[in-house]
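One structure is given here, and the rest of the page talks about it.
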Amino acid sequence: MIRVAIVDDFDLLREDLCELIAGQEDMEVAWQAGSGQEAAELAKRQDADIVLMDIEMETMHAGIVAAERIRDEGRGQRIIFLTAHETNQTIITAMGTGAVDFVVKGCPDEEILQHIRNAYSGKPVMESRIQETIMREYSRLQRSEQSLLFFINNVSQLTAAERELLRLLLEGNKVKDIARIRCVEIITVKTQIKGLLRKFGCSRTKEIVSMIQELNISHLFS
């Protein structure tokens with residue numbers, strides 16, 4: 001039997017889910033909770049194979065907090081988020097807890113049951129849109145990591161003058177302003193900028209500045 005815990009602060013919906021689970025030959029209701037706090041406490045004492053977890057309950061992200069606490073207990077209870085919230089940020093934050101699936105409320109009962117069976121068998125099948133959202137975030141993080149390594153490597157090879165130049169560019173100074181501040185000719189600043197562009201593989205200083213800001217490493221030039 002697949003032991004399913006149900007967590008939702010809407011009593012009627014929780015009762016409907018309990019009735020649905022109890023009506024399956026291969027499932028039973030392990031426990032139920034009406035808040036994230038209650039779920040986290042019950043999960044410490046009572047076993048379940050799958051936890052159907054709402055997100056917004058006593059607080060906006062109560063289900064996410066509860067999922068993290070259940071995960072940290074290390075009892076192997078697999079979380080499936082069953083929620084009305086489907087923004088990209090909510091999906092990414094929720095799945096970051098180690099949950100195995102994310103299902104949007106309103107789908108047919110048979111679909112919910114299939115998600116439970118798939119998760120129990122160790123082969124969860126997320127909806128294509130959920131998968132795409134997660135993969136986009138993974139790709140973004142991978143690109144950021146590669147960019148960060150590339151930048152850190154190049155930063156370590158900058159001369160003191162080039163680091164100073166980058167600091168002034170990050171402050172929003174133009175070429176003529178930099179020349180005045182450093183008491184050098186404009187042509188000298190332009191020559192140094194060309195060197196920076198070659199090192200970072202960029203065509204404009206705005207690209208370097210934007211990448212440094214996006215990677216949150218401006219402090220390296222302060």
Side-chain angles (χ1 to χ4, degrees), residues 36 53 55-57 59-69 71-72 79 81 83-104 124 126-222:
M53 179 78 73
I55 289 181
E56 184 177 357
M57 290 180 281
T59 64
M60 182 70 72
H61 298 105
I64 292 175
V65 174
E68 290 174 337
R69 290 180 60 187
R71 174 201 63 199
D72 293 344
I79 308 290
F81 282 106
T83 178
H85 296 275
E86 53 179 323
T87 64
N88 289 350
Q89 190 56 52
T90 299
I91 293 169
I92 291 164
T93 304
M95 297 309 292
T97 65
V100 298
D101 205 348
F102 189 106
V103 182
V104 179
M126 288 181 283
E127 297 172 21
S128 58
R129 192 180 76 79
I130 306 300
Q131 288 181 337
E132 289 168 4
T133 299
I134 295 170
M135 289 310 297
R136 278 198 304 271
E137 177 66 5
Y138 173 79
S139 297
R140 185 191 70 79
L141 290 172
Q142 191 175 47
R143 288 195 302 272
S144 294
E145 182 179 2
Q146 290 170 346
S147 297
L148 181 58
L149 291 172
F150 174 75
F151 257 76
I152 294 298
N153 182 59
N154 281 342
V155 166
S156 67
Q157 300 177 39
L158 295 177
T159 65
E162 287 172 333
R163 293 175 69 89
E164 173 68 7
L165 178 56
L166 273 175
R167 182 183 68 79
L168 293 171
L169 287 170
L170 285 165
E171 290 176 356
N173 292 292
K174 305 298 183 183
V175 171
K176 63 179 181 179
D177 299 321
I178 295 172
R180 175 179 52 78
I181 293 169
R182 299 181 68 186
C183 299
V184 298
E185 297 291 332
I186 289 179
I187 189 64
T188 301
V189 176
K190 288 183 176 180
T191 299
Q192 291 178 332
I193 286 176
K194 286 180 181 178
L196 278 179
L197 294 175
R198 282 195 299 272
K199 286 186 177 181
F200 287 101
C202 297
S203 58
R204 298 184 305 165
T205 54
K206 284 184 178 180
E207 293 175 30
I208 300 177
V209 170
S210 294
M211 291 178 75
I212 290 173
Q213 292 172 338
E214 288 173 8
L215 293 169
N216 197 29
I217 56 173
S218 300
H219 61 279
L220 296 178
F221 308 95
S222 60

Between atom [atom1] of [X] and atom [atom2] of [Y], what is the distance when rounded to the nearest 0.5 Å?
X	Y	atom1	atom2	value
Ile193	Leu169	CD1	CG	5.5 Å
Leu170	Ile212	CG	CD1	5.0 Å
Thr93	His61	OG1	NE2	6.5 Å
Glu56	Ile64	CD	CD1	10.5 Å

Does [X] use its side chain to pair, donor to acceptor, with the backbone of [Y] at less than 3.5 Å?
X	Y	result
Asn173	Ile178	no
Arg71	Thr97	yes
Ser210	Glu207	no

Before giving the answer on side-chain contact (heavy atoms from CB on, under 4.5 Å), spell out for Asp101 and Phe81 the whole-Å C-alpha distance, their side-chain angles and the decisive distance to 0.1 Å. CA-CA 6 Å; Asp101 205 348; Phe81 282 106; over 6 Å; no
- Message: Ignoring hydrogens and geometry beyond distance, is a side-chain donor-acceptor pair present between Thr188 and Gln192 at under 3.5 Å?
- Response: no
Compare every heavy atom of [Y] with every heavy atom of [X], then report the nearest pair and how far apart it is.
X	Y	value
Thr205	Leu197	N-CD2, 3.7 Å
Ala67	Met53	N-CE, 4.2 Å
Ala161	Arg182	CB-NH2, 3.5 Å
Gly36	Ala66	O-CB, 3.4 Å
Ile55	Ala94	CD1-CB, 4.1 Å

side-chain contact (heavy atoms from CB on, under 4.5 Å) filter on Arg198, not counting sequence neighbours, yields Lys194
The complete set of salt bridge (charged side-chain N to carboxylate O under 4.0 Å, His left out) pairs with one or both residues in residues 161-171, sequence neighbours excluded, reads Glu162-Lys199, Glu164-Arg167, Arg167-Glu171
Working for side-chain contact (heavy atoms from CB on, under 4.5 Å), residues Leu158 and Leu165: CA-CA 10 Å; Leu158 295 177; Leu165 178 56; over 6 Å; no
